[in-house]
> 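Got a structure here, written out as structure tokens. Questions coming.
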Amino acid sequence: MEIVIRRATLDDKAEWFNMRKGIWPDAPDEYLDFDMDDILESGNDAVFFALLDGRPVGMIETRIREYGEGCETSPIGYIEGWFVYPELRGQGIAGTLTQAAEDWARGKGCTEMASDTWLDNEVSIRAHVKLGYYEVERLVHFVKQL
Ligand SMILES: CC(C)(COP(=O)(O)OP(=O)(O)OC[C@H]1O[C@@H](n2cnc3c(N)ncnc32)[C@H](O)[C@@H]1OP(=O)(O)O)[C@@H](O)C(=O)NCCC(=O)NCCS
């Protein structure tokens, strides 16, 4: 299986949107697409697609952030979104995407990479750990109606 990694472009927006929907199925469409153009134009962001026989099968969204929980340096690379279509999981595609994101952040001068996921996303947690990420913090979100 030969996976090709390349940067996403404006032409990939529909496919990228589908993959975002795969990560955040309950998010409204307006929320999922409001920042896509900005991300593609920003030098601080990169979206990489994984292609199998020319077909997009996964993606990683990565950003340069000033701060990352548990990090000792600044700026740092951050994994903002990570997705592989279910039928192709467990074959190293996310790992290859992560390498591309890490290489990109390294090229931007970063020496640390950070990420997050939901407490109950065991697969994502295990994949992070397998790829060399270690847990530094757990977070609980709150809301109060005003
Ligand atoms: C998380 C996700 C991107 C991983 O994609 P993937 O292509 O299956 O991952 P890989 O095959 O590259 O695996 C990466 C590492 O994680 C491990 N891993 C992956 N799936 C695993 C599972 N179900 N159980 C245990 N370990 C797992 C692999 O063993 C691999 O380590 P190795 O290279 O040392 O063997 C994929 O499951 C996904 O898209 N999930 C839904 C979206 C999501 O939750 N995204 C993350 C939050 S933003």
Side-chain angles (χ1 to χ4, degrees), residues 1-71 74-108 110-143:
M1 181 171 82
E2 207 208 330
I3 296 293
V4 173
I5 304 288
R6 68 158 171 78
R7 289 284 288 269
T9 69
L10 284 171
D11 292 339
D12 297 313
K13 269 173 68 179
E15 184 61 53
W16 179 24
F17 180 86
N18 274 339
M19 293 201 250
R20 280 187 145 195
K21 198 97 189 152
I23 306 175
W24 301 288
D26 299 328
D29 288 1
E30 316 80 77
Y31 178 78
L32 288 178
D33 79 359
F34 88 96
D35 59 351
M36 294 175 95
D37 289 321
D38 291 344
I39 286 177
L40 289 174
E41 282 165 18
S42 157
N44 251 6
D45 291 86
V47 181
F48 293 94
F49 266 31
L51 308 172
L52 179 62
D53 299 329
R55 186 169 62 91
V57 291
M59 68 93 187
I60 194 164
E61 297 184 22
T62 183
R63 171 170 298 159
I64 304 300
R65 287 195 187 189
E66 289 305 313
Y67 172 78
E69 285 81 0
C71 292
S74 173
I76 52 120
Y78 204 92
I79 299 174
E80 305 285 345
W82 203 27
F83 182 80
V84 172
Y85 280 114
E87 63 275 18
L88 288 156
R89 288 180 191 164
Q91 299 181 61
I93 296 174
T96 308
L97 282 163
T98 306
Q99 267 173 27
E102 292 169 359
D103 287 345
W104 175 79
R106 216 176 272 115
K108 294 272 183 190
C110 299
T111 55
E112 287 180 295
M113 194 87 186
S115 182
D116 61 61
T117 192
W118 297 281
L119 296 180
D120 62 355
N121 195 338
E122 289 294 334
V123 170
S124 170
I125 291 172
R126 275 192 241 165
H128 276 93
V129 171
K130 279 278 205 156
L131 294 169
Y133 292 76
Y134 50 91
E135 186 177 319
V136 290
E137 202 169 295
R138 292 201 164 211
L139 203 62
V140 180
H141 294 276
F142 296 98
V143 175

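By convention here, the first residue in the shown sequence is residue 1. In listed order, ligands and their atoms are each counted from 1. Nothing here was measured: the structure is a model prediction, and the numbers come from that model. What you see below is based on every heavy atom in this structure, not just the backbone, and it leaves out hydrogens, waters and symmetry mates.
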> Considering only heavy atoms, does T117 approach ligand 1 within less than 4.0 Å through its side chain, its backbone, both, or neither?
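The part of T117 near ligand 1 is the side chain, not the backbone.
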> Counting heavy atoms only, which of A50, G58, G90 is nearest atom 8 (O) of ligand 1?
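It is G90 whose heavy atom sits nearest to atom 8 (O) of ligand 1.
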> Look at the side chain of R20 and the backbone N and O of L32, then say whether any donor-acceptor pair between them is shorter than 3.5 Å.
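Checking the backbone N and O of L32 against the side chain of R20, a donor-acceptor pair under 3.5 Å is found.
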> Going by the closest heavy atom to atom 28 (C) of ligand 1, which one wins out of Q91, K130, R20?
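It is K130 whose heavy atom sits nearest to atom 28 (C) of ligand 1.
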> Scan the side chains in residues 83-91 for donor-acceptor partners under 3.5 Å anywhere in the protein, sequence neighbours excluded, and list what turns up.
residue : atom : partner : partner atom : Å
Y85     : OH   : E15     : OE2          : 2.6
R89     : NE   : V84     : O            : 2.7
R89     : NH2  : V84     : O            : 2.9

> Are any non-hydrogen protein atoms located under 4.0 Å from atom 6 (P) of ligand 1?
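When distances to the protein are checked, atom 6 (P) of ligand 1 has a heavy atom within 4.0 Å.
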> Salt-bridged, R7 to D12, with N to O below 4.0 Å?
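The answer is no: the pair does not qualify as a salt bridge.
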> Would one find an N or O of A94, backbone or side chain, under 3.5 Å from an N or O of ligand 1?
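Yes: some nitrogen or oxygen of A94 is under 3.5 Å from one in ligand 1.
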> Between V84 and ligand 1, is there a nitrogen or oxygen pair with a distance under 3.5 Å?
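Yes.
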> Looking at V123, which atoms of ligand 1 are within less than 4.0 Å of one of its heavy atoms?
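Under 4.0 Å from V123, ligand 1 has these atoms: 20 (N), 23 (N), 37 (O).
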> Which ligand 1 atoms are under 4.0 Å away from a heavy-atom of S124?
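Near S124, meaning under 4.0 Å from one of its heavy atoms, ligand 1 has 46 (C), 47 (C).
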> Would you mind telling me if ligand 1 is within reach of the side chain of N121, the backbone, both or neither, using heavy atoms under 4.0 Å?
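Looking at N121 and ligand 1, just side chain atoms fall under 4.0 Å.
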> Checking side-chain polar atoms at under 3.5 Å, does S115 have a donor or acceptor matched by the opposite partner on H128?
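H128 and S115 do have a side-chain donor-acceptor pair below 3.5 Å.
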> Check this for me - ligand 1, E80, N or O atoms closer than 3.5 angstrom, yes or no?
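Among all N and O atoms of E80, none is under 3.5 Å from an N or O of ligand 1.
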> For ligand 1, is there an N or O atom under 3.5 Å from any N or O atom of G92?
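By distance alone, the answer is yes.
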> Check each of R89, H128, Q99 against atom 37 (O) of ligand 1 and report the one with the nearest heavy atom.
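The nearest heavy atom belongs to R89.
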> Out of W82, Y85, W24, who gets a non-hydrogen atom closest to atom 45 (N) of ligand 1?
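The option holding the nearest heavy atom is W82.
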> Any sub-3.5 Å donor-acceptor pair from K108's side-chain atoms to G43's backbone N or O?
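Yes, because the side chain of K108 sits within donor-acceptor range (under 3.5 Å) of the backbone of G43.
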> So if I count the atoms of ligand 1 from 1 in the order they appear, which ones are less than 4.0 Å from some heavy atom of F83?
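Those of ligand 1 that fall under 4.0 Å from F83 are 39 (O), 42 (C).
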> Check L119 against L139 and note the closest heavy-atom contact, atom names and distance.
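Looking at all heavy atoms of both residues, the shortest contact is CD1-O, 4.4 Å.
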> Answer with side chain, backbone, both or neither: which part of E122 has a heavy atom less than 4.0 angstrom from an atom of ligand 1?
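It is neither part, as no heavy atom is under 4.0 Å.
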> What I want to know is whether G95 and ligand 1 share at least one N or O pair that is separated by under 3.5 angstrom.
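Yes: some nitrogen or oxygen of G95 is under 3.5 Å from one in ligand 1.
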